[in-house]
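When reading the values below, keep in mind they use all heavy atoms of this one structure, side chains included, and skip hydrogens, waters and symmetry mates. For this chain, numbers begin at 1 and follow the sequence in order. Whatever order the structure lists ligands and atoms in, that order sets their numbers, starting from 1.
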Amino acid sequence: MPSVSVHGMGMTPADLPNPVSSLSSSNAGLLRCRTSSVPENWKLLKAEEVQKSKLLRGASANLAEFIWPQDERPKVPHDDFQGAEELPIIDLGELLQAAVADRAATTDHQHHHQPSSTRRDKIAKDLAKIFSEWGFVQVVNHGVKTEVIDAMQTQAKKFFDLPLEQKEKAKLTQPGGSSTNEGFGYGVDSGFFYVGRPWIDRFQCRWSPVESITELADKVYTREEAHGIDDIDAHDAAEEFRKSMEDYNKSLDKLTIQILELCAEGLGLKSSTFTEPYLGTAGDCIARFNYYPPCPLPSLTLGLGAHTDPNLLTILHQCSVGGLQICHGHGSWFSVKPSANSFIINVGDSFEAWTNGRFKSVKHRAVVNETQSRLSIVYFSNPLPHSIMSVPHKLIDCEHPLEFRPAFTWQDYKTHLLETHKNNNNNNNNNDGVRTSKLWLLRRKSILNQK
Ligand SMILES: O=C(O)CCC(=O)C(=O)O
Ligand SMILES: [Fe+2]
């Protein structure tokens, strides 16, 4: 099918975004970034792409809003993996192999066999070192079946391909009628506190309980006008979505536990130090599907601005299109090469605080590109809202004095984050909460707050 330009949608050039004329006075900071005309490549966007995206429909009214300040703009493109520092890899398959070798060695009475406990110890130490230096790791042979990952990617893609009106049915409301940050939308309308407007559509909900996923899926896939055979199709579609969410959640919950255990061991702590309060999928684990449509301004905007994740651990799977960038060293960014069978796992703010800063919650962002849409599936692991995360005594010594809150709950931090969101949105101030909200976790700050 030939690509249809927005002109083909019955839009006249006057309907097209005009970055200059639409700059408001509150965007004075962006005036420096003005471009004199609509980028030619906006016309490359397919009409159906514009139709189905909340972001693109909005952007067509005021493209200038998406131009970020000069110092935030990406210098490394989404697909430039050259010169990028190699993100360290952890091969979890080695754990399994070592256990198999253990059994063989016992049967064959081998004397020079390296026991699996030694292998495990080495992997745990490597992982802890990577998290303390990079905050990010690439995990391979993680035990999550390829079918489970593929099905989740397929379902997420299918979701974003739905007509906009259909996707918007996923919006969940609170009992009082106010919207939550769950569902589909432009940033799920939860407000962003970035310095620019991100180029993104997003779906977000909790990974469990399964009943709430069913409710969401039914809302999205059931069409009011559907009768007969259509009803059956809609039911099947909702069921496929629910099943892939459930399978993915089960697998990633297991993976989270495995990683948390290795982290504890790598830090010289009891294996269950982090998993006991985590309590698996009963916690507050959040699903996020980020969808970045093709963008006519890839070097002027960002899919997602530089931020750290507030949660415990993040497990991310990107589709075949690159876009995730990590800040390493002195403010230099590198693009992470997509790899179908690996996960990118990073330390969130809560984990950094819980480990007294031994692990680092590192800034990352998403860049976009002109021609391809991009999808990332994110598993945000969190403990139960009221489980207490208290800094293990072993992680406090002369070399590592206590720098973070000695104990806090995910609910405490979440409440703070939501407040910051609200204040930033109400005051319409430079929306810089991304940089400041993490400060709440610092000990100095918590002492000040108590005064
Ligand atoms: O899409 C990506 O690669 C980054 C997503 C991300 O950082 C987030 O959702 O917090
Ligand atoms: Fe993130």
**Student:** Assess the side chains of R365 and H307: does a donor N or O sit below 3.5 Å from an acceptor N or O?
**Tutor:** no
**Student:** Tell me the protein heavy atom at minimum distance from atom 3 (O) of ligand 1, and give that distance in Å.
**Tutor:** R374 NH2, 2.8 Å
**Student:** Does the N or O separation between R365 and ligand 1 drop below 3.5 Å for any pair?
**Tutor:** no
**Student:** Is the NZ or CZ atom of R405 both under 6.0 Å from the centre of the six-membered ring of W440 and within 45° of that ring's axis?
**Tutor:**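 Yes, a cation-pi geometry holds between R405 and W440.
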**Student:** Considering non-hydrogen atoms only, spot the tightest contact between A237 and Y221 and give its length.
**Tutor:** CB-CD2, 3.5 Å
**Student:** Do E168 and K54 pass the salt bridge (Lys or Arg N to Asp or Glu O under 4.0 Å) test, and can you show the C-alpha distance, the side-chain angles, and the key distance before you say yes or no?
**Tutor:** CA-CA 9 Å; E168 287 191 320; K54 175 105 174 165; 2.8 Å; yes
**Student:** Which of the N/O/S atoms in H364 sits closest to the Fe ion (ligand 2)?
**Tutor:** NE2
**Student:** May I ask you to identify the nearest protein heavy atom to atom 5 (C) of ligand 1, giving residue, atom name and distance to one decimal place in Å?
**Tutor:** N290 ND2, 3.3 Å
**Student:** Of all N, O or S atoms in D309, identify the one at the shortest distance from the Fe ion (ligand 2).
**Tutor:** OD1
**Student:** Looking only at protein heavy atoms, which one is nearest to atom 10 (O) of ligand 1, and what is the separation?
**Tutor:**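 Sorting protein heavy atoms by distance from atom 10 (O) of ligand 1 puts H307 NE2, 3.1 Å first.
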**Student:** With heavy-atom distances below 4.0 Å as the criterion, list the atoms of ligand 1 near H364.
**Tutor:** 7 (O)
**Student:** Q318 to ligand 1: N or O pair under 3.5 Å?
**Tutor:** no
**Student:** Closer than 4.0 angstrom, basic N to acidic O: yes or no for E403 and R443?
**Tutor:**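 Here E403 does not pair with R443 in a salt bridge, since their nearest N and O are not under 4.0 Å apart.
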**Student:** I'd like to check which ligand 1 atoms, numbered from 1 as shown, lie under 4.0 Å from a non-hydrogen atom of L316.
**Tutor:** 2 (C), 3 (O), 4 (C), 5 (C)
**Student:** Report, in ascending order of atom number, the atoms of ligand 1 lying under 4.0 Å from any heavy atom of S376.
**Tutor:**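 Taking each heavy atom of S376 in turn, ligand 1 has 1 (O), 2 (C) under 4.0 Å.
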**Student:** Do we see a donor-acceptor contact under 3.5 Å between the side chains of N311 and S350?
**Tutor:**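 Note: N311 and S350 side chains miss the donor-acceptor criterion.
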**Student:** Is the F66 to W199 ring centre distance short of 6.0 Å?
**Tutor:** yes
**Student:** Which one holds for L304 and ligand 1: side chain close, backbone close, both close, or neither close, with close meaning a heavy atom under 4.0 Å?
**Tutor:**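 For L304, only side-chain atoms sit under 4.0 Å from ligand 1.
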**Student:** Considering all heavy atoms of both residues, which atom of V50 and which atom of R57 are nearest to each other, and what is their separation?
**Tutor:** O-CG, 3.3 Å
**Student:** Please confirm whether F184 and F203 have ring centers closer than 6.0 angstrom.
**Tutor:** no
**Student:** Taking heavy atoms and a distance under 4.0 Å, where does Y291 meet ligand 1: side chain, backbone, both or neither?
**Tutor:**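 Contact part for Y291 vs ligand 1: neither.
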**Student:** Give a yes or no on whether the ring-centroid distance for Y248 and W207 is below 6.0 angstrom.
**Tutor:** yes
**Student:** In terms of atom number and element, which parts of ligand 1 are under 4.0 angstrom from non-hydrogen atoms of Y292?
**Tutor:**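 Those qualifying, in numeric order: 1 (O), 2 (C), 4 (C), 5 (C).
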**Student:** For H307, what is the atom name of its N, O or S atom nearest to the Fe ion (ligand 2)?
**Tutor:** NE2
**Student:** Identify, by atom number and element, the atoms of ligand 1 in contact range of D309, meaning under 4.0 Å from any of its heavy atoms.
**Tutor:** 10 (O)
